[in-house]
Engineer: 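Before I ask anything, let me first share the structure, which is written out below as structure tokens.
Treat the numbers as computed from the prediction; the structure is a model and nothing was measured. Numbering starts at 1 and runs along the sequence shown.
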Amino acid sequence: MSPLNRRRWANFKANRRAWWSLWIFGLLFFVTLAAELVANDRPILISYDGEFLSPLLESYPETRFGGDFETAADYTDPVVQCLIRTGGNADPCFDQADGLIERAPVKDGADEGWILWPLIPFSYDTINYDVPKAPAPPDGTNWLGTDDQARDVLARVIYGFRLSVLFGFSVTIVSIFIGIFAGAAQGYFGGWIDLFFQRVEEVWSSMNTLYVIIIVTAVLKPNIWVMFCIFIAFGWTQLISVVRAEFLRARNLEYVAAAKALGVGNWTIIFRHVLPNAMVATLTMVPFMLTGSIGLLSALDFLGFGLGAGYPSLGELALQGQRNPSSLWLAITAFFTFTIMLSLMVFIFEGVRDAFDPRKTFK
């Protein structure tokens with residue numbers, strides 16, 4: 001690591017709010033990245049008749065465990081659990097007499113099986129048929145309660161957190177690359193290039209994003225890739241004016257003139273010499289772009305123009321809180337999830353911005 005990067009890292013660590021926010025956010029993000037191991041309606045590992053099977057990696061039919069159906073096994077079914085434990089001893093397992101399933105003997109020659117479940121035995125789309133009425137309040141089974149479709153709220157929060165963060169980071173990174181390239185070309189070269197991009201930016205940014213999304217979703221079925229392309233198409237314009245101003249200021253400085261006199265290429269000057277000096281202004285916009293993309297996605301899900309019912313959506317959870325005012329756990333969960341997630345991101349990127357600023361030091 002170069003001395004400059006070591007100084008930046010030291011400045012970031014000295015910013016206690018940003019440093020602790022990075023640790024907290026990193027822990028939450030790591031947990032959500034492994035969401036299938038934390039919240040799932042399929043076991044992590046099964047021991048059946050001396051074999052180790054992983055339903056997370058492969059789907060097994062019920063007949064694999066001695067059942068009658070060729071469809072995927074429902075591991076929450078007591079009969080399937082009995083078949084796994086007894087090594088496929090089907091007759092006592094299919095007999096529904098009270099307590100007989102628990103006492104079913106292991107099949108001759110077979111090893112007693114077991115099931116390793118995730119911490120939360122629900123996925124984001126798992127319906128808990130045992131709740132008497134949905135939405136159901138928090139209890140020992142559903143720690144944050146269920147929504148109006150009897151789905152576990154905590155599982156949906158975990159998967160929704162991962163989806164929102166990955167979507168926001170992906171949109172922001174691609175938008176940054178496009179915005180920096182366009183803004184750098186405008187500010188450094190000027191002339192007709194600057195005029196052309198300025199007119200394109202003015203026309204493009206004047207279009208209403210919500211109207212475009214409504215039109216697109218009326219033609220195409222909304223999904224993650226459609227939303228991704230729309231967000232990038234309108235997200236890159238947020239960065240152009242900032243990058244352009246920095247390059248307009250820096251292109252006439254002495255070190256740029258010296259590099260030109262030495263025969264250094266224009267794009268080398270742009271990315272190696274001018275862009276590092278424009279990073280502070282660029283990084284200032286990053287937290288707003290990131291939180292804005294996550295907030296807009298959630299708002300669209302809240303309004304019904306987002307990803308649709310097949311995705312774990314934090315905006316849809318907020319909508320359920322609005323539709324069910326007596327189920328306070330839905331609104332409270334959505335509020336605190338958004339507050340914690342967006343606040344941590346802003347604190348982290350504020351620290352990154354200040355670490356790149358040579359005028360700021362922390363003790």
Engineer: Please check if the side chain of R156 supplies one atom and the backbone of Y124 the other of a donor-acceptor pair under 3.5 Å.
Structural biologist: yes
Engineer: According to a hydrophobic-cluster definition based on side-chain heavy atoms being under 4.5 Å apart (Ile, Leu, Val, Met, Phe, Trp, Tyr only), do V31 and F167 belong together?
Structural biologist: no
Engineer: Between D147 and Q149 (side chain of the first, backbone of the second, donor and acceptor by atom type, cut-off under 3.5 Å), is there such a pair?
Structural biologist: yes
Engineer: Do T126 and R151 make a side-chain contact, defined as non-hydrogen atoms from C-beta onward lying under 4.5 Å apart?
Structural biologist: no
Engineer: What is the minimum heavy-atom distance between L290 and T172, and which atoms define it?
Structural biologist: CA-OG1, 3.4 Å
Engineer: Using 30° and 60° as the class limits, which term best fits the ring planes of W9 and F12: parallel, tilted or perpendicular?
Structural biologist: parallel
Engineer: Can you confirm whether M345 sits close enough to E350 that some side-chain heavy atom of one is under 4.5 Å from a side-chain heavy atom of the other?
Structural biologist: no
Engineer: Any ring pair (Phe, Tyr, Trp, His ring centres under 6.0 Å) pairs touching residues 243-269, not counting sequence neighbours?
Structural biologist: F181-W267, F189-W267, W267-F271
Engineer: Side-chain heavy atoms nearer than 4.5 Å, only ILVMFWY residues, links allowed to pass through others: does that put F30 and F169 together?
Structural biologist: no
Engineer: Donor-acceptor pair, Y159 side chain versus D125 backbone, under 3.5 Å?
Structural biologist: no
Engineer: Under a 3.5 Å distance rule, please check whether S123 uses its side chain to pair with a backbone N or O of D41 as donor and acceptor.
Structural biologist: no
Engineer: With a 6.0 Å cut-off (strictly less than), is the heavy-atom count around CH2 of W23, excluding the residue itself, greater than 12?
Structural biologist: no
Engineer: So which atom in P118 and which in V38 form the shortest heavy-atom distance, rounded to 0.1 Å?
Structural biologist: CB-O, 3.5 Å
Engineer: With no hydrogens and no angle check, is any side-chain donor or acceptor of W204 less than 3.5 Å from a backbone partner on A233?
Structural biologist: yes
Engineer: Take the angle between the ring planes of F25 and F161 and call it parallel below 30°, perpendicular above 60°, tilted in between.
Structural biologist: tilted
Engineer: Do NZ/NE/NH1/NH2 and the carboxylate oxygens of E58 and R42 come within less than 4.0 Å?
Structural biologist: no
Engineer: Can you give me the closest heavy-atom contact between I84 and S47, atom names plus distance?
Structural biologist: CG2-O, 3.9 Å
Engineer: Can a side-chain donor-acceptor contact be found between N128 and N142 if the only test is distance below 3.5 angstrom?
Structural biologist: yes
Engineer: Got a second to check how far D152's CG is from F122's CZ, nearest 0.5 Å?
Structural biologist: 5.5 Å
Engineer: Let me confirm one number: the CD1-OG1 distance from I340 to T337, rounded to the nearest 0.5 Å.
Structural biologist: 6.5 Å
Engineer: If we ignore hydrogens and angles and just use 3.5 Å, is the side chain of S327 paired with the main-chain N or O of W329 as donor and acceptor?
Structural biologist: no
Engineer: Looking only at non-hydrogen atoms, find the nearest pair between L56 and I44 and report the distance.
Structural biologist: CD1-CA, 3.9 Å
Engineer: Under a 3.5 Å threshold, yes or no: a donor from one side chain and an acceptor from the other, between E316 and Q320?
Structural biologist: yes
